[in-house]
There are 2 protein chains.
Amino acid sequence: MRRGAETLFFGSYTNKIDAKGRLATPALFRRALDLERVNAIYCIPSTEEPCLDCGGVDYIETLMASITALDPFSKERRSLERTVTARTSVVSLDKEGRINLPEHLLGHARLNGKALFAGLGHSFQIWNPDEFAAIVPDEEKIAGAAKLSLRNPTPSETAP
Amino acid sequence: MRRGAETLFFGSYTNKIDAKGRLATPALFRRALDLERVNAIYCIPSTEEPCLDCGGVDYIETLMASITALDPFSKERRSLERTVTARTSVVSLDKEGRINLPEHLLGHARLNGKALFAGLGHSFQIWNPDEFAAIVPDEEKIAGAAKLSLRNPTPSETAP
DNA sequence: TGGGATAGCATGGTATTTTATGGGCGGTCA
DNA sequence: TGACCGCCCATAAAATACCATGCTATCCCA
């Protein structure tokens, strides 16, 4: 599996959705995706928020692995399969790196003319830029508190 | 992982931002960065101060490691990802070691014609030189008091 | 010891490539 | 037929690579 910071999603980018419903994926994200392996992005409507959880093959494989690790007949696994696996859309990229989101995903994320890509490391989210801006103040408060509880890591602690 | 004092950021340097927005990274900092691995600097707008927290791959991987150590679906992790990862810009260096900061980072650090690089050991900060000069007296007072509580470190604690 | 050659660095300008975005054309399926 | 999809190409702006200059500090050898 590919690893390292160069395969992670960093930063935020706002792109336009054109008249034909096409949306350009940020160039930096395209490089983080393993498009050689699968020329597609996997999109899952978030259950908690009006946004889409997205990633490449690596992302969906990791997610599937954690679901299939559960007992095959457990209630949890079945509902996870239904809410996650069944809702996941595989959207492929055209030669210019654009995707075409299906109607129900556009609706879920309340997207109209523009879309914001927010890098979350191993995955990224797609938001309506206005909705995203609205949650930022709350996010900052939570993150500010969470930061205090993060231990200050030193390189030697993470070294192999 | 690379270690030792030759990979640390020491000293302060003030460089010019040219008409095209290019800013030369101090040569000593370029050597501390692991540019062979990833030819880029990771910049995060500080939440507390008008400056940018910066470092190389090692720096961001250490930071990401402490975030991914949190429960994947916790509110804290999500907020950290959105306020830290999503705001992190990956700026690449040209052959001469210059970077081109995006507009929102220039704004956050209130940079116009010049930028000051302040080495912090494993990371460094980029400041507007005037803003930095303004906080120095206060910093000296705090540091003077903090020094008294520093244990006397032995070389073996930091050496490989 | 002194002075010229040298190497490294910040900085400046120009050319080339990427990238986001726009539109056209031919199939396909209802 | 007409909405829609995948494909191809066009373009303007922005990002990036490439090449040039001047300064400074260092080194080396007479």
Side-chain angles (χ1 to χ4, degrees), chain A residues 6 9-33 35-36 38-41 43 54 56 89-107 111-119 124 126-129, chain B residues 6 9-33 35-43 52 54 56 88-107 111-119 124 126-129:
Chain A
E6 63 279 10
F9 303 100
F10 286 109
S12 300
Y13 303 88
T14 300
N15 287 340
K16 201 178 167 187
I17 301 176
D18 72 15
K20 293 166 77 173
R22 296 175 299 186
L23 172 62
T25 311
L28 218 65
F29 284 21
R30 295 204 293 262
R31 287 191 209 108
L33 289 161
L35 296 178
E36 314 286 314
V38 178
N39 183 243
I41 291 175
C43 296
C54 309
S89 295
V90 187
V91 295
S92 58
L93 288 78
D94 70 10
K95 208 171 60 168
E96 287 78 24
R98 287 175 292 194
I99 56 175
N100 213 307
L101 294 171
E103 202 55 49
H104 70 279
L105 291 185
L106 291 171
L111 300 172
N112 38 41
K114 289 176 165 293
L116 180 146
F117 292 79
F124 60 92
I126 297 178
W127 283 80
N128 175 320
Chain B
E6 68 279 9
F9 303 100
F10 286 113
S12 299
Y13 305 88
T14 301
N15 287 340
K16 198 180 167 186
I17 301 176
D18 73 14
K20 291 172 68 181
R22 294 177 299 187
L23 172 62
T25 311
L28 218 64
F29 283 21
R30 296 204 292 263
R31 287 189 212 108
L33 290 161
L35 296 178
E36 314 286 314
R37 191 143 78 88
V38 179
N39 182 243
I41 291 175
Y42 296 80
C43 295
L52 311 175
C54 308
T88 299
S89 290
V90 186
V91 295
S92 57
L93 287 79
D94 69 10
K95 211 171 54 167
E96 288 77 25
R98 287 174 293 193
I99 57 175
N100 212 309
L101 295 171
E103 202 56 49
H104 69 279
L105 291 186
L106 291 172
L111 300 172
N112 38 41
K114 290 177 165 293
L116 180 146
F117 292 79
F124 60 92
I126 297 178
W127 283 82
N128 175 320

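A, B, ... follow the sequence lines: proteins, then strands. Residue 1 opens every chain.
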Rounded to whole Å, CG of B:L23 lies from C1' of D:dT16 at a distance of 16 Å

One should read off an interatomic distance between B:R98 CZ and B:D18 CG, to the nearest 0.5 angstrom, of 6.5 Å

Here the distance between atom C1' of D:dA13 and atom CD of B:E103, to the nearest Å, is 15 Å

Check your understanding: Within the pair B:R31 and C:dG8, is there a side-chain N or O less than 4.0 Å away from OP1 or OP2?
Key -> no

Do A:I41 and A:F29 have side-chain heavy atoms sitting under 4.5 Å apart?
-> no

ask   = Less than 4.5 Å apart, any side-chain heavy atom of A:L28 and any of A:F117?
value = no

Tell me whether the side-chain N/O atoms of A:N15 come closer than 4.0 Å to OP1 or OP2 in C:dT21.
yes

task: Check whether any side-chain heavy atom of A:N112 lies under 4.5 Å from a side-chain heavy atom of A:I17, and answer yes or no.
output: no

When rounded to whole Å, the CD1 to P distance for the pair B:I17 and C:dT11 reads 10 Å

Interface polar pairs with nucleotides 7-11 of chain D, N/O, under 3.5 angstrom:
| residue | atom | partner | partner atom | Å |
| --- | --- | --- | --- | --- |
| D:dC9 | N4 | A:E96 | OE2 | 3.0 |

note: A:D18, atom CG; D:dA12, atom C1'; distance rounded to Å ~ 16 Å

Atom OH of B:Y13 and atom P of C:dG8 are separated, to the nearest Å, by 17 Å

What I'd like to find out is whether the side chain of B:V91 reaches to under 4.5 Å of the side chain of B:P102, using heavy atoms alone. yes

Does some side-chain heavy atom of A:L101 sit less than 4.5 Å from a side-chain heavy atom of A:L111? yes

Indicate, with a heavy-atom threshold strictly under 4.0 Å, whether B:T14 touches base, sugar-phosphate, or nothing.
nothing

Separation of C:dA20 atom P from A:K114 atom NZ, nearest Å, is 13 Å

With A:T25 as partner, the option from A:L35, A:I99, A:N15 fulfilling side chain to side chain contact (heavy atoms under 4.5 Å, CB included) is A:I99

Rounded to whole Å, CZ of A:F29 lies from C1' of C:dA20 at a distance of 15 Å

Pick base, sugar-phosphate or nothing for B:S92, based on heavy-atom distances below 4.0 Å to the nucleic acid. sugar-phosphate

Separation of C:dT21 atom P from A:F117 atom CZ, nearest Å, is 10 Å

